[in-house]
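For reference, positions follow the sequence shown, starting with 1. Read the numbers this way: they start at 1 and go in the same order the structure lists the ligands and their atoms. Because the structure is predicted, anything quoted here is derived from the model rather than measured.
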Amino acid sequence: MKYPKMREIKEAVISLVTHPYTSGFPAVEHVPFKDFRGKPVVDDDNCVGCETCANVCPPLAITFSDDKEKGIRTIRRDYGKCIFCGQCQEHCITGKGVKLSDTIYDLAVFDRTTNVEYQEKELLICESCGAVITTREHMKYLHRKLGPRAFSSILNLNILNRKLKLAGEGDITAETGDEMHRKDMFSIICPNCMRQVTVRYTFRSE
Ligand code: SF4
Ligand code: SF4
């Protein structure tokens, strides 16, 4: 019994006169090490709302919901669930939409809702069936990225026609209903509707 007591007293004295092994945070400012993976920071100007990061986030810290009535996609990022794996940064299609900070590490809060951030993006919706195609910013990004090759897709061509005002909204808006018409090929429609129009009118005349 005597020896263990002596050893404990010795350790207590040593610990009194030596510096702690851990850092002095929060009393002393913490300096993260090189390549530290801290809070993912979104650059909304370079985020096109494509949802790729939501699909690769392991703990589902990033989720999105589409409101077709309002034509808005809401992206929700919950940093209380984030495990700082860096997958969102790694797979971001623009390469600049989200980056893990090497300085923001203090995410302790009393109210977890304060660790949640939201973004909103305008949706591109199929004029025939009402399905979500993607966000308008995502489509613009693809146009910039692909250049003239983007217009080998008739959907992109139709969007360009609208942009250049070569066709007005009313001229080429698809008619909703079961039956699709040949002219719907020149509306802004989803790949599924485009396939239906193409198959139907490639093999027979209207
Ligand atoms: S760092 Fe990982 S866990 Fe955190 S938001 Fe990005 S993908 Fe999700
Ligand atoms: S992958 Fe990049 S561009 Fe797409 S939603 Fe995530 S941060 Fe935005």
Side-chain angles (χ1 to χ4, degrees), residues 23 25-26 29-127 130-153 155-160 162-163 188-192 194:
S23 78
F25 179 81
E29 193 188 349
H30 174 63
V31 181
F33 51 83
K34 190 175 172 297
D35 297 331
F36 173 79
R37 295 199 302 227
K39 180 190 172 189
V41 178
V42 175
D43 177 352
D44 196 47
D45 291 339
N46 284 301
C47 170
V48 295
C50 66
E51 86 191 57
T52 305
C53 54
N55 291 333
V56 298
C57 177
L60 305 180
I62 310 170
T63 51
F64 71 95
S65 58
D66 292 336
D67 184 335
K68 288 198 254 180
E69 295 279 306
K70 292 183 182 161
I72 296 288
R73 168 168 294 170
T74 305
I75 304 167
R76 181 180 189 273
R77 298 174 193 264
D78 184 347
Y79 298 112
K81 290 184 181 170
C82 178
I83 56 172
F84 312 102
C85 62
Q87 290 298 302
C88 50
Q89 175 180 319
E90 179 80 23
H91 294 277
C92 176
I93 63 159
T94 68
K96 300 178 199 161
V98 62
K99 284 201 186 303
L100 270 63
S101 158
D102 57 0
T103 53
I104 305 175
Y105 52 84
D106 185 8
L107 296 174
V109 287
F110 287 110
D111 177 5
R112 291 178 74 94
T113 59
T114 56
N115 261 345
V116 180
E117 290 176 3
Y118 294 90
Q119 284 170 275
E120 287 190 348
K121 300 285 176 187
E122 193 185 347
L123 286 171
L124 188 65
I125 291 178
C126 174
E127 291 170 351
V132 172
I133 302 173
T134 182
T135 63
R136 285 192 179 274
E137 282 183 47
H138 187 192
M139 197 53 93
K140 279 188 205 159
Y141 171 75
L142 293 176
H143 289 176
R144 285 198 304 275
K145 185 97 176 160
L146 292 170
R149 279 173 296 180
F151 303 106
S152 58
S153 151
L155 170 63
N156 292 334
L157 196 58
N158 294 339
I159 291 171
L160 181 70
R162 292 264 177 101
K163 199 170 149 192
I188 294 175
I189 55 176
C190 67
N192 197 25
M194 184 64 78

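- Regarding atom 2 (Fe) of ligand 2, its nearest protein heavy-atom neighbour is Cys92 SG, 2.4 Å.
- In this structure, the protein non-hydrogen atom closest to atom 6 (Fe) of ligand 1 is Cys88 SG, 2.4 Å.
- Here is the list of ligand 2 atoms found below 4.0 Å of a heavy atom in Thr52: 1 (S).
- With respect to Lys121 and Asp66, no salt bridge is recorded, no charged nitrogen being found less than 4.0 Å from a carboxylate O.
- Contact atoms of ligand 1 toward Pro59: 3 (S) (distance under 4.0 Å to a heavy atom of the residue).
- For atom 3 (S) of ligand 2, the closest non-hydrogen atom on the protein side is Val48 N, 3.3 Å.
- In this structure, Glu122 does not pair ionically with Lys70, as no charged nitrogen and carboxylate oxygen lie closer than 4.0 Å.
- Taking the six-membered ring where the residue is Trp, the centroids of Phe25 and Tyr105 are separated by under 6.0 Å.
- Near Glu51, with a cut-off below 4.0 Å to any heavy atom, the atoms of ligand 2 are 5 (S).
- In summary, Cys82 places an N/O/S atom under 2.8 Å from atom 4 (Fe) of ligand 1, meeting the contact criterion.
- Nearest non-hydrogen protein atom to atom 8 (Fe) of ligand 2 is Cys47 SG, 2.3 Å.
- Nearest heavy atom pair, residue Gln119 against residue Cys47, reads NE2-SG, 3.3 Å.
- Applying the 4.0 Å criterion to heavy atoms of Ile62 picks out, from ligand 1, the atoms 5 (S).
- Under a 3.5 Å cut-off, the side chain of Lys81 and the backbone N or O of Arg77 do not form any donor-acceptor pair.
- Near Phe84, with a cut-off below 4.0 Å to any heavy atom, the atoms of ligand 1 are 1 (S), 4 (Fe).
- Of the possible donor and acceptor atoms, none in the side chain of Arg73 sits under 3.5 Å from a partner among the backbone N and O of Asp67.
- In the vicinity of Ile83, heavy-atom distances shorter than 4.0 Å reach the ligand 1 atoms 3 (S), 4 (Fe).
- Near Gly49, with a cut-off below 4.0 Å to any heavy atom, the atoms of ligand 2 are 5 (S), 8 (Fe).
- For the residue pair Arg37 and Gln89, no side-chain donor N or O sits within less than 3.5 Å of a side-chain acceptor on the partner.
- The ligand atoms of ligand 2 that sit less than 4.0 angstrom from a heavy atom of Cys53 are 1 (S), 5 (S), 6 (Fe), 7 (S).
- Summary of contacts: the protein heavy atom closest to atom 7 (S) of ligand 2 is Arg77 NH2, 3.6 Å.
- Between the side chain of Thr135 and the backbone N or O of Cys50 there is no donor-acceptor pair closer than 3.5 Å.
- The shortest non-hydrogen separation linking Ile125 to Gly130 is CG2-O, 3.6 Å.
- Atom 4 (Fe) of ligand 2 has an N, O or S atom of Cys50 inside 2.8 Å of it.
- Within the 4.0 Å heavy-atom criterion, neither part of Gln89 lies near ligand 2.
- For Tyr79 (side chain) and Pro40 (main-chain N/O), a donor-acceptor pair under 3.5 Å exists by modelled atom type.
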